[in-house]
J.: 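Dropping a structure here in structure tokens format, bear with me for questions.
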Amino acid sequence: MENMLHLAPTSRVPLDCFVLPRDQLPPAMSPAVVSLPVIDMRRGRDEVRRAVLDAGKEFGFFQASPRINKQVVGHGVPEQVLRDMEAVCEEFFLLPAPDKAEFYSEDKAKRNRLFSGATYETGGDKYWRDCLRLACPFPVVASDTTKGDWPDKPQRLREVVEKFIVLARRVGMELLRLLCEAMGLQPDIFVGDISGGDVIININRYPPCPSPRTMLGLPPHCDRNLITLLLPGAVHGLDVAYKGDWIKVEPVPNAIVVNFGQQLEVVSNGMLKSIEHRATTNSVKARTSVATFIMPTPDCLIGPAEEFVGEDNPPYYRTVKFRDFVRTYNVVKLGSGLNLTTNLRNVQKEISSK
Ligand code: OGA
Ligand code: NI
């Protein structure tokens with residue numbers, strides 16, 4: 001618990017192990033602030049699904065702006081739910097240390113826990129992030145006992161988080177359906193075990209950092225799940241790889257940042273790419289972000305779907321169990337910079353040769 005960054009006075013944190021090797025440092029010049037494509041979900045379904053596919057192909061990332069009036073498409077998380085979620089997450093990190101101590105754990109096998117740093121193996125390098133990770137089995141059952149392991153303070157945390165998860169997952173599934181329609185496929189190919197695992201949320205807290213030029217909040221990584229919905233918060237901090245450089249994401253109020261996970265890259269046989277991203281730090285403001293991960297079940301076998309394989313298009317990825325994929329793809333390839341995406345195929349070779 002002593003190593004939780006948001007609780008320790010910075011003067012007591014040993015900073016040496018946070019300083020990154022030169023080739024990983026954020027560049028001296030800040031990257032341009034680029035707005036990710038913002039997809040206005042009020043448009044017609046045809047237009048929206050084309051926009052989702054185009055943005056997905058070019059960036060692997062986009063921001064879904066909220067639905068207004070009663071449009072059925074897309075981001076249907078009411079503003080109040082977003083506000084409640086942001087507030088409750090902020091409140092959690094402001095609780096006195098003893099209220100949080102029982103959730104702290106360094107055991108990566110624990111489904112619900114509070115911890116500090118990255119979840120990948122990082123070869124000893126530390127990252128300037130605290131995180132409350134919560135798992136929610138799907139479908140959400142009202143009497144579910146697992147939520148009993150979630151913090152009971154702030155008082156409304158369980159209720160607010162559960163409500164948010166249900167709505168955020170619905171947005172994710174709707175976007176997957178839109179993608180299928182845009183690609184001319186059956187709309188339900190992502191329904192089932194491929195999206196039926198726990199919904200995981202990472203509530204990330206990046207406290208003000210004494211040396212933002214030499215410390216990152218999260219290393220460059222691609223998400224290992226199917227699709228991710230991120231509430232980036234109002235403070236800058238998310239960088240996305242684009243054309244060999246990093247671009248900063250300019251948060252759009254009430255929009256949800258969406259990015260494709262590696263399983264979507266595998267299923268689509270590389271048509272949709274999972275793009276590398278990282279979290280930077282700043283010395284002034286604490287930042288809170290909430291990542292919602294739609295996950296396959298651990299035993300789900302995932303490989304290129306037949307719809308994406310043809311005579312001119314051999315399968316570029318192997319078919320492996322999600323559980324094995326996650327176990328193997330657990331190391332941040334230090335120094336690899338912007339090429340994690342292309343490593344995905346090599347990682348898969350490692351898995352299948354075991
Ligand atoms: C993540 C992630 C980015 C952010 O949790 O996987 O990429 O801006 N977070 O916090
Ligand atoms: Ni991520």
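Just so you know, ligand 1 is whichever comes first in the structure, and atom 1 is the first atom listed for that ligand. All values below were derived from every heavy atom in this structure, side-chain atoms included, with hydrogens, water molecules and symmetry-related copies excluded. Treat the numbers as computed from the prediction; the structure is a model and nothing was measured.
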J.: Check each atom of ligand 1 against the heavy atoms of Ser289 and keep those under 4.0 Å away; list them by number with element.
T.: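 So the atoms of ligand 1 that pass are 4 (C), 10 (O).
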J.: Which residue pairs satisfy the side chain to side chain donor-acceptor pair (under 3.5 Å) criterion with at least one member in residues 176-186, sequence neighbours excluded?
T.: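 Those involving residues 176-186 are Arg45-Glu181, Arg49-Glu181, Glu174-Arg177.
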J.: What is the closest protein heavy atom to atom 8 (O) of ligand 1, and at what distance does it sit?
T.: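 Going by distance alone, atom 8 (O) of ligand 1 is nearest to Arg287 NH2, 2.8 Å.
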J.: Looking at residues at least two apart in the chain, or sitting in another chain, which of them share a ring-ring contact (aromatic ring centres under 6.0 Å, His included) with Phe92?
T.: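 Listed in chain order: nothing, the list is empty.
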J.: Counting from 1, what ligand 1 atoms have a heavy atom of Asn204 closer than 4.0 Å?
T.: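 Near Asn204, the atoms of ligand 1 are 5 (O), 9 (N), 10 (O).
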J.: For the pair His277 and Phe61, name the ring-plane relationship: parallel under 30°, tilted 30 to 60°, perpendicular over 60°.
T.: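 Perpendicular.
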J.: Would Asn202 count as being in polar contact with ligand 1, using the rule that some N or O on each side must be under 3.5 angstrom apart?
T.: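 N/O-N/O distance below 3.5 Å does not exist for this pair.
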J.: Using a 4.0 Å cutoff against the non-hydrogen atoms of Leu238, which atoms of ligand 1 qualify?
T.: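 Atoms satisfying the 4.0 Å criterion: 3 (C), 8 (O).
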J.: For atom 9 (N) of ligand 1, what is the nearest protein heavy atom, given as residue, atom name and distance?
T.: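 Of every protein heavy atom, Leu218 CD1, 3.6 Å lies nearest to atom 9 (N) of ligand 1.
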J.: Would His221 count as being in polar contact with ligand 1, using the rule that some N or O on each side must be under 3.5 angstrom apart?
T.: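 Yes: some nitrogen or oxygen of His221 is under 3.5 Å from one in ligand 1.
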J.: Check Glu90 with Arg205, please: is the shortest side-chain N to carboxylate O separation under 4.0 Å?
T.: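 Answer for the salt bridge query: yes.
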J.: At the Ni ion (ligand 2), what is the angle formed between atom OD1 of Asp223 and atom NE2 of His221, rounded to the nearest 10°?
T.: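 Output for this angle: 90°, rounded to tens.
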J.: Quick one: do Arg111 and Asp198 make a salt bridge, cutoff under 4.0 Å?
T.: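 So Arg111 pairs with Asp198 through a salt bridge.
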J.: So that I can tick it off, tell me whether Lys110 and Asp107 are bridged by a salt bridge, with the cut-off set at under 4.0 angstrom between side-chain N and carboxylate O.
T.: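 Between Lys110 and Asp107 there is no salt bridge, as every charged N stays at least 4.0 Å from the carboxylate O atoms.
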J.: Could you identify the N, O or S atom of His277 positioned closest to the Ni ion (ligand 2)?
T.: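 Nearest to the Ni ion (ligand 2) within His277's N, O and S set: NE2.
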J.: Salt bridge or not between Asp84 and Arg156? Use side-chain N to carboxylate O under 4.0 Å.
T.: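 Salt bridge: yes.
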J.: State the atoms of ligand 1, each with its element, that fall below the 4.0 Å cut-off from a heavy-atom position in Ala291.
T.: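 So the answer, numbered in order with elements, is 5 (O).
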